[in-house]
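Please read all numbers here as calculations on a predicted model, not as lab measurements. Every chain is numbered from 1, with letters handed out A, B, ... down the list of sequences. When reading the values below, keep in mind they use all heavy atoms of this one structure, side chains included, and skip hydrogens, waters and symmetry mates.
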Amino acid sequence: MAVKALQAVRGMNDIFPSEVAGWQNLETDLRALLKLYDYGEIRLPLLESTELFARAIGDVTDIVQKEMYTFADRNGDSLTLRPEGTAGCVRAAIQHQTMRGQTPRYYYMGPMFRHERPQKGRYRQFHQLGVEAFGQAGAGTDAEVIALSARILKQAGVQATLQINSLGSPAARAAYRERLLAYLRPRQAALCEDCQTRMERNPLRVLDCKVPGCQEIAAAAPHLVDHLDPESAAHFACLQDLLTALGIPYVVNHSLVRGLDYYNRTVFEWVTDALGAQGTVLAGGRYDGLVSQLGGQETPAIGFAVGLERLLALQEIQGQLATAAQPLLFVGALDDNSLAAAWKLAEHLRDQTVSVVSAGPATFKSLMKLAERSKAHFQLLIGAGQLQGEPVIIKEQDGEGRWEGSLDAVSTGLQSLGVDFPRHAPHTEHNFATARRLK
RNA sequence: GUGGCUGUAGCUCAGUCGGUAGAGUCCCGGAUUGUGAUUCCGGUUGUCGCGGGUUCGAGCCCCGUCAGCCACCCCA
């Protein structure tokens, strides 16, 4: 009787070792950069009370209304798999009182969950790096955070364009909203169906509608940046000066409106056209009101999130994706009697942190094939001859390197072929080729 | 949530008018080769995504469903 095959839940991916190499490489790079800006990692629950997201993200947003994985706990509490990281991070900082008179900077890396229809660059379980800086209201922090975002993309080897905008203060935004509505209402009939309905709910969204007719109307609409409160206008001007001083190119996108309700003043986004419809790689902004809104002391804050799948997809397109680390040595046994000697040698080398793949007993032909498939830098076979004192041969698999010597001098042989002892960690293996080229 | 396209061997794919499931690759074994993987011979590739229906007969036609891809929407 055939048993029904189980498969992963829609939009949730298995990631195998060949791909994990790229992930780990990216994660390592990211952690190193975050250290340069003094961000500390915070590890947060994947599950939070539903109310947290409803209050933080905004009841009328799509995320809260139709994209959350929400279910009842056994005792009836409504829980939700986190659709983004900022809410949980702010909750944790309030709960543990880490912001009082302090300016903590946190980052987190991990899965987020949104029940959307999967497509290129969009999955139901996806991964983000999120960065949050608390307690600093000045535009200098905005510029530094954006500089960090620029460095992340540069380190990843990814080409993207920085777009910025200012949403102003909540009051200025509300006033602008009325002004925009006054402009849109007489033109309502010319808008697309979607825009007609979202006009009253969130008129700012009409500005970045893709329908040509709506774009025409949006192009002539009043600009939010022209109606900012004086403080926000000065903040925005200061940010632009700093970005220029730092040599970070940007464009002001008047229709850039973040999807989550908690943003104010600075919003920014790095976009690319290489990812189909999902062009946003990294996005963020200032959210000065959120901490108090969630019950904390009034605390300014700014942050951003990068989609790791999107970053990896761009790295792949641009040929920047790291490949799996290769073992250093393949050790093969030609018969049963050689097995003990081969395994003993492999263990001895692993004691010295040399990564070894071993195989056998098998025919000469099989071992050669296995050696090639292992992608090891060097190969070595042990058979009856070697047990009787014939020399072992270490051969470089994709080069001319070759060494002959006795079985117990193999580490010396590897050293003579350019391998450093003692080696540090197996995961540095893939740097071997590079390191050698530099010599 | 809506729409379009696609599901056949581990992988890439063919399969005519509805008439007994195919190729390449990969893998396994043997001979040869005895330190560069050659060459030759032989062999297994299978719930045709899943469930119904029509039919004497369905990989093919019809309905449903699941999954993937792409777009809308939304967003990282």
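Remark: the Tyr287(A) side chain and the Glu132(A) side chain contain an N/O donor-acceptor pair separated by less than 3.5 Å.
The phosphate of C74(B) (OP1 or OP2) has no side-chain N or O of Arg114(A) nearer than 4.0 angstrom. Contact between the side-chain N/O atoms of Arg205(A) and the OP1/OP2 oxygens of C75(B) is found at a separation under 4.0 Å. Gln278(A) has no side-chain polar atom (N or O) that falls below the 4.0 Å cut-off from OP1 or OP2 of C75(B). For A71(B), the OP1/OP2 oxygens have no side-chain nitrogen or oxygen of Lys120(A) closer than 4.0 Å.
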* If pairs are Watson-Crick or G-U with both distances under 3.5 Å, what is the dot-bracket string of RNA chain B, marking crossing pairs with [ ] and pairs to another strand with |? -> (((((((..((((.....[..)))).(((((.......))))).....(((((..]....))))))))))))....
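Counting only heavy atoms from C-beta on, Arg310(A) has its side chain closest to A76(B) among C74(B), A76(B), U35(B).
Taking 3.5 Å as the limit, the base of C72(B) and the side chain of Arg117(A) contain no donor-acceptor pair of atoms between them.
The residue among Pro118(A) and Phe126(A) whose nearest nucleotide of RNA chain B is located toward the 5' end is Pro118(A). Residues Gln386(A) and Leu282(A) each lie close to RNA chain B; by heavy-atom proximity, the contact nearer the 5' end of the strand is made by Gln386(A).
Atoms NZ (Lys66(A)) and C1' (C75(B)) sit 12 Å apart, rounded to a whole Å.
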* Asked: Hey, mind stepping through Glu347(A) and Arg350(A) against salt bridge (charged side-chain N to carboxylate O under 4.0 Å, His left out) and telling me if it holds?
  -> CA-CA 5 Å; Glu347(A) 283 301 313; Arg350(A) 289 176 185 133; 3.0 Å; yes
* Could you check Tyr106(A) against Glu41(A) for side chain to side chain contact (heavy atoms under 4.5 Å, CB included), going step by step and ending with a plain yes or no? => CA-CA 6 Å; Tyr106(A) 301 126; Glu41(A) 181 175 0; over 6 Å; no
Check residues 52-60 of chain A and write down every donor-acceptor pair under 3.5 Å in which the side-chain atom is one partner and the other belongs to a residue at least two apart or another chain.
| from | atom 1 | to | atom 2 | distance (Å) |
| --- | --- | --- | --- | --- |
| Arg55(A) | NH1 | Glu51(A) | OE2 | 3.3 |
| Arg55(A) | NH2 | Gln293(A) | O | 3.3 |

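For the pair Arg187(A) and Tyr183(A), the cation sits on the ring face: its NZ or CZ lies under 6.0 Å from the ring centre, inside 45° of the axis.
Proximity of a side-chain donor or acceptor of Arg124(A) to a complementary backbone N or O of Glu116(A) within less than 3.5 Å is detected.
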